[in-house]
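Read through the structure below, which is laid out as structure tokens, and then see the notes.
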Amino acid sequence: MSGQELPIATNGDVVLVRQKVRSVAAEIGLSLVDQTKIVTAASELARNVLVHAGGGRVEVEKVSTGLRPGLRLVFSDEGPGISDIAQAMTDGFTTGGGLGLGLSGSRRLVDEFDLVSAPGEGTRIMVTKWAR
Amino acid sequence: MERVPILKLGDILIVSIQIDLDDQSVLTLQEDLAETVVSRGARGVIIDITAVEIVDSFIGRMLSTIAAMTRMLDAETVVVGMRPAVAITLVELGLSLGGVRTALNLEKGVVMLEHARSAEG
Amino acid sequence: MTVPADAARRRIVEIFTSQEEPLLRRWSQISGAPIDELRDLHQALRTALVGDADLADVRGLLGELSRSRARQGYTPSDTARVVFSLKEAVYEQVEADGQTEALRGFAWLSRLIDDLGLFTFETYSAAREKIIIDQAEQLLELSTPVVKLWEGIVAVPLVGTLDSARTQVVMEKLLQTLVDTGSEHAVIDITGVPAVDTEVAQHLLKTVVAARLMGAECVISGIRPQIAHTIVTLGIEFGDIVTKASLADALAYALTRSGVQVKGAATTRVAVRAERG
């Protein structure tokens with residue numbers, strides 16, 4: 001399966017990521033609610049990349065379990081990384097001055113959520129949404 | 001960056017968001033609105049999000065901020081036209097939009113503001 | 001590929017091509033498929049064998065054939081037999097030919113046909129799964145009506161066991177109806193629901209919160225004692241959500257809230273003074 005990589009360097013890029021995710025989500029036949037969920041999650045995670053790492057990229061990829069198509073997004077950056085992942089995943093915890101719902105909230109919006117990070121080694125977040 | 005136009009109808013300001021907002025536009029709108037409420041002496045603000053496909057935590061926070069800010073400036077804010085998919089997603093995200101009044105559509109939003117005003121006397 | 005193997009391939013392709021008519025007749029006879037359908041397949045397969053062995057066209061035709069058969073209710077065996085019976089038809093021609101080259105070529109062709117047969121079977125079962133999923137969705141649609149009770153008041157009477165998927169579908173439909181009809185009040189009646197689990201209770205709750213975000217109010221009515229017990233035991237916070245014992249009570253409540261005066265709720269006499277604007 002081939003993916004497409006988009007840069008995240010400006011506020012405008014976050015909008016472009018949302019639009020790209022929306023069009024691919026519609027293409028693979030996600031329901032309107034599921035489209036909205038994955039686009040919202042993409043928006044949160046893209047902003048995280050921008051705010052915490054100063055930029056990075058996302059790979060948008062169509063995946064499949066045979067019958068059920070899905071959409072996978074891989075956000076990666078070379079930022080400072082996360083030292084306490086459990087804490088970062090807690091509702092309301094923030095270091096960026098936001099509401100602290102970016103990570104914890106977007107995890108609730110997707111079917112699979114995988115976070116790899118260590119201090120000084122950047123962050124990689126992979127999320128997947130399957131068609132119902 | 002695109003600017004969201006602010007319309008005036010009587011003493012109500014109407015903001016209809018028709019573009020895909022980036023974070024900078026969100027902040028600009030927040031500032032523009034506060035200024036306009038004061039300069040025009042508006043008593044109510046309606047933010048129409050019928051065309052908005054997603055509300056993430058940043059836009060959600062803008063809505064709460066605008067509501068709190070205008071209340072301080074003696075104007076009530078009503079958010080109208082939220083799509084079902086957007087509402088479901090906000091609930092899942094964990095955003096309750098505390099302090100924000102909502103109505104199904106523009107018309108009901110206007111009625112709500114009039115009611116709030118007549119209650120004040 | 002060695003040279004003799006090449007010769008074997010050439011020979012079998014020759015038979016396959018030159019004996020087209022008897023081959024097709026026999027193939028149709030064994031498989032029970034119409035000869036015209038098979039002619040297209042034969043054509044595509046021959047092109048692939050003579051050329052660069054690109055089987056895309058053959059697979060395309062087979063996919064179409066499997067899907068249409070799955071829809072028409074053919075059995076998997078019937079469908080797979082269309083492909084596998086080609087072997088028998090070709091073998092008869094190979095025997096008539098009598099050369100070793102042809103026999104060796106047949107072994108090669110046979111493997112290829114096996115692959116195509118498996119492909120057919122896979123497409124067939126995928127198509128069947130799709131049919132089942134579609135039907136389940138249609139059932140879901142049928143079982144979830146959203147009805148208008150009054151100007152500005154809609155209701156969903158839920159009957160039967162609620163699973164997570166069905167609850168989600170109903171709730172999305174309810175919220176959309178609120179927008180479409182401009183209704184500010186909704187009643188979710190669960191009198192006909194024998195039990196709920198945590199997930200379903202959560203979905204109901206989220207719907208009420210989502211409706212509120214949109215500017216509408218939901219009332220849940222007809223909660224059975226058993227369900228009330230479940231909700232309390234599971235520690236689900238129902239908070240400030242309005243609940244009523246019966247659909248009638250919920251309607252009376254919604255009417256009052258929308259500015260309609262209800263006199264003697266139990267005696268069906270309703271004096272209407274709708275608040276306009």
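Keep in mind that this is a model prediction, so the values were computed, not measured. Lettering follows sequence order; numbering is per chain, from 1.
More than 12 non-hydrogen atoms from other residues, nucleotides or ligands lie less than 6.0 angstrom from CZ of C:F119. A 6.0 Å sphere centred on NZ of C:K130 holds no more than 12 heavy atoms belonging to other residues, nucleotides or ligands.
In this structure, no portion of B:T89 lies under 4.5 Å from any heavy atom of chain C. Interface remark: B:E107 contributes no atoms to any contact with chain C (heavy atom separation under 4.5 Å).
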Cut-off 3.5 Å, no hydrogens considered: what does the side-chain donor-acceptor table look like for residues 224-231 of chain C, sequence neighbours left out?
unit_1, atom_1, unit_2, atom_2, d
C:R224, NE, C:T191, O, 3.1
C:R224, NH2, C:T191, O, 3.3
C:T230, OG1, C:Q226, O, 2.8

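Within residues 202-220 of chain C, the residues approaching chain B closer than 4.5 Å by heavy atoms are, in numerical order, C:K206, C:V209, C:A210, C:R212, C:L213, C:M214, C:G215, C:A216.
Partners of C:L118 according to the side chain to side chain contact (heavy atoms under 4.5 Å, CB included) rule, which considers only residues two or more places apart in sequence or in another chain, do not exist here. Scanning for side chain to side chain contact (heavy atoms under 4.5 Å, CB included) contacts around B:A67 gives B:R71, B:T77, B:V100, with sequence neighbours left out.
Atom CD1 in B:I88 sits 8.0 Å away from atom CD in C:Q168 (nearest 0.5 Å).
Residues B:P84 and C:Q176 share a closest heavy-atom pair of CG-OE1, 3.4 Å.
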